[in-house]
Amino acid sequence: MYLEKLKKSNPLVICITNNVVKNFTANGLLALGASPAMSEYEEDLEDLLKVASALLINIGTLTPAKWQLYQNAITIAKKNHVPVVLDPVAAGASRFRLKVSLDLLHHYPITLLRGNASEIAALIGEKQTSKGADSGFVEDIGALARKASTIFSIPVIVTGPVDAIAVNNQVRLIQNGSPLMPLVTGTGCLLGAVLAAFIGLSEEKDYLDCLSEAMLAYNIAGELAQEKASTTGPGSFKVTFLDSLYQIRPHQMKERQRIIND
Amino acid sequence: MYLEKLKKSNPLVICITNNVVKNFTANGLLALGASPAMSEYEEDLEDLLKVASALLINIGTLTPAKWQLYQNAITIAKKNHVPVVLDPVAAGASRFRLKVSLDLLHHYPITLLRGNASEIAALIGEKQTSKGADSGFVEDIGALARKASTIFSIPVIVTGPVDAIAVNNQVRLIQNGSPLMPLVTGTGCLLGAVLAAFIGLSEEKDYLDCLSEAMLAYNIAGELAQEKASTTGPGSFKVTFLDSLYQIRPHQMKERQRIIND
Amino acid sequence: MYLEKLKKSNPLVICITNNVVKNFTANGLLALGASPAMSEYEEDLEDLLKVASALLINIGTLTPAKWQLYQNAITIAKKNHVPVVLDPVAAGASRFRLKVSLDLLHHYPITLLRGNASEIAALIGEKQTSKGADSGFVEDIGALARKASTIFSIPVIVTGPVDAIAVNNQVRLIQNGSPLMPLVTGTGCLLGAVLAAFIGLSEEKDYLDCLSEAMLAYNIAGELAQEKASTTGPGSFKVTFLDSLYQIRPHQMKERQRIIND
């Protein structure tokens with residue numbers, strides 16, 4: 001199990017992420033058992049990435065200076081054989097974010113791309129048409145992940161009520177999680193950091209299993225959190241979600257996992 | 001009711017705010033039913049403000065670069081007929097913040113100004129003399145809001161133990177809320193974002209009613225949160241306050257509202 | 001008691017700190033009874049530091065521009081006789097952070113240095129060898145604090161499972177706290193801000209007692225929080241820790257204090 005490996009090895013995850021979610025991202029990684037470090041300067045990254053397990057690039061609150069930072073950070077990560085997760089926040093809502101995301105995907109070595117359906121659809125030049133759990137939903141998400149994975153030649157995870165993991169033309173669909181998760185800002189951003197913590201522990205040939213386990217751990221922590229929250233509200237849920245990331249154990253994942261093979 | 005309208009329409013509120021409160025602001029807007037987006041670059045704002053309902057400018061952790069960003073963002077908002085809420089954080093404590101706030105108020109189209117008594121007094125060149133609930137307090141707050149509203153020719157909200165809403169020479173005073181609110185950083189800043197979410201739903205002629213409802217929803221959520229907190233402490237209160245913003249319903253506002261007509 | 005003095009006088013603490021912990025730092029200071037202000041611009045600091053009780057410099061998410069800001073802020077603080085606390089975050093993990101920390105320690109008037117063993121060891125050119133509570137641990141921490149205090153000629157606090165306070169060749173060791181504290185991001189950073197709030201209330205000759213009381217208040221709030229948390233998890237603990245900082249009273253500190261005289 002990668003979850004146990006993570007809790008034993010405390011992988012260092014360097015996070016270049018947006019200012020809305022830095023605290024929640026650090027707390028989520030700590031709760032899970034990983035070790036977060038935030039850095040925003042190349043000279044600093046040169047040292048930190050030497051001992052890091054993974055790098056997260058999250059483009060929320062993007063500026064031209066950060067675009068340059070992303071490029072340099074990925075280059076330093078590459079030099080140190082550190083895998084890179086890209087989270088193209090709101091790439092479907094702003095042409096600047098789309099341009100920066102595509103630049104990184106086309107010209108820099110990204111290991112894993114994670115986004116929601118609207119973001120991933122924008123990156124492959126499609127309009128996202130499925131809205132919520134309509135009849136064509138599950139198939140759409142799987143096809144979207146597969147298509148993006150083929151186009152960019154890297155693993156792609158599309159998240160939503162159902163999550164799709166596409167690796168090497170294989171697609172796995174997972175239907176776990178809590179409807180309260182989107183009501184806490186940064187649950188998507190933290191997931192990117194969690195995926196980075198997991199992928200740094202895996203060899204490339206095992207990415208599908210490793211990423212599936214990461215998605216299950218995260219979403220089932222969400223389910224446990226919802227059950228523990230004293231009241232149905234996003235304030236309480238955020239608290240119990242961090243507790244659940246700390247407390248989740250492999251047997252809970254086995255009992256609750258809902259993998260839908262495509 | 002604007003609260004129900006808000007929960008149905010999920011208005012997008014673009015927040016240019018300080019780094020202390022970005023997470024809390026995003027979580028508060030999500031809990032209430034609005035949709036937050038943070039942006040710090042003009043090219044990005046060009047796209048986001050096309051589909052936004054309102055723009056918040058909060059000058060905490062101000063720098064000269066951000067001053068320029070505020071100016072450009074307001075100009076883009078104006079082009080898209082998006083209302084702008086200005087929160088002049090600590091304008092009474094620093095001449096730089098005062099200068100920037102006055103520049104925006106005098107030369108840019110601000111829709112609503114919200115601050116505490118010390119900030120609003122500084123903006124109109126007065127010393128704030130009332131401290132807490134002294135005998136002259138309620139009248140002072142109302143007169144301060146009215147005077148600022150006349151000087152800047154826009155609606156002004158002055159917040160404190162009693163809140164005053166001044167629109168077109170009318171003043172409404174509201175006495176709801178919890179004494180725990182000032183013990184959580186950013187409750188004033190989040191209020192600015194909540195006011196932006198509400199004002200984007202209203203026509204100009206209905207601003208007084210719309211803003212009154214926003215103030216009532218926010219402050220009564222504070223009262224409900226205080227009652228729900230398992231212990232009297234700001235950590236617990238912050239959690240239940242977010243829950244209450246999610247759970248508050250119109251009938252609770254009707255039952256608890258304490259409007260003091262001036 | 002300095003704690004009571006703090007709650008009565010609400011000292012203003014100017015925090016130049018990293019974006020991961022700004023919200024938690026502000027909430028922690030408010031809970032304790034201090035008044036936080038965050039600023040990132042010299043012209044702003046000129047006014048704020050005139051009425052401030054202390055300045056915190058925390059070098060997390062350091063950039064060259066922030067290095068310049070630290071230097072200027074300390075100079076303004078000096079001019080206003082405001083004490084300065086330096087938190088050299090990750091100085092042991094990055095040569096850039098080490099260089100900046102040493103520059104500030106050697107060329108600027110720092111009042112108090114606080115770090116973990118790895119950070120303080122790096123600053124005095126030593127490898128940190130003690131890992132956790134091994135046999136040589138308590139003596140190591142005390143010796144490390146004393147050595148750094150001698151080298152930099154200022155009070156030094158080294159934090160960990162046991163904390164060492166070195167002032168003028170005297171060392172006090174304190175063994176309070178909760179193992180959940182390192183699982184919440186920013187508990188070290190907030191401590192730096194709390195030390196700043198306390199040291200601003202003290203004369204130089206009383207620093208050892210004042211800093212000891214600050215460490216006891218902080219760590220015993222951690223113990224109380226652990227007992228109050230509904231479940232053993234970092235999400236719940238963060239909430240009850242803020243509550244405990246608000247609720248802690250001198251008699252609890254007297255009952256629980258574990259001071260090990262060196």
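Chain A is the first sequence line, chain B the second, and so forth, proteins listed ahead of strands; every chain is numbered from 1. These figures come from a predicted structure and were not determined experimentally. Scope of the values below: all heavy atoms of this structure, side chains included, with no hydrogens, waters or symmetry mates.
Both the backbone and the side chain of B:Val20 come within contact range of chain C, judged by heavy atoms closer than 4.5 Å.
Per-residue counts of heavy-atom pairs under 4.5 Å with chain B were compared for C:Leu245, C:Val239, C:Leu29; the largest is that of C:Val239.
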Mind listing the side-chain donor-acceptor pairs of residues 190-203 of chain C below 3.5 Å, one per line with the distance, residues two or more places apart or on another chain?
none

Can you pull out the donor-acceptor contacts between chain C and chain B, under 3.5 Å, including backbone atoms?
| unit_1 | atom_1 | unit_2 | atom_2 | d |
| --- | --- | --- | --- | --- |
| C:Asn19 | OD1 | B:Asn19 | ND2 | 3.4 |
| C:Asn23 | OD1 | B:Lys238 | NZ | 3.2 |
| C:Asn23 | ND2 | B:Val20 | O | 2.8 |
| C:Asn27 | OD1 | B:Thr185 | N | 2.7 |
| C:Met38 | O | B:Arg97 | NH2 | 3.3 |
| C:Glu43 | OE2 | B:Lys99 | NZ | 3.2 |
| C:Asp44 | OD1 | B:Ser94 | OG | 2.6 |
| C:Asp44 | OD1 | B:Arg97 | NE | 2.8 |
| C:Asp44 | OD2 | B:Arg97 | NE | 3.1 |
| C:Asp44 | OD2 | B:Arg97 | NH2 | 2.7 |
| C:Asp47 | OD1 | B:Arg95 | NE | 3.2 |
| C:Asp47 | OD1 | B:Arg95 | NH2 | 2.7 |
| C:Asp47 | OD2 | B:Arg95 | N | 2.6 |
| C:Asp47 | OD2 | B:Arg95 | NE | 3.1 |
| C:Asp243 | OD1 | B:Gly235 | N | 2.8 |
| C:Asp243 | OD1 | B:Ser236 | N | 3.0 |
| C:Asp243 | OD2 | B:Ser236 | N | 3.4 |
| C:Asp243 | OD2 | B:Ser236 | OG | 2.4 |
| C:Gln247 | NE2 | B:Thr231 | OG1 | 2.8 |
| C:Gln247 | NE2 | B:Thr232 | O | 3.0 |

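The environment of NE2 in C:His81 is sparse: at most 12 heavy-atom neighbours from other residues, nucleotides or ligands sit within 6.0 Å.
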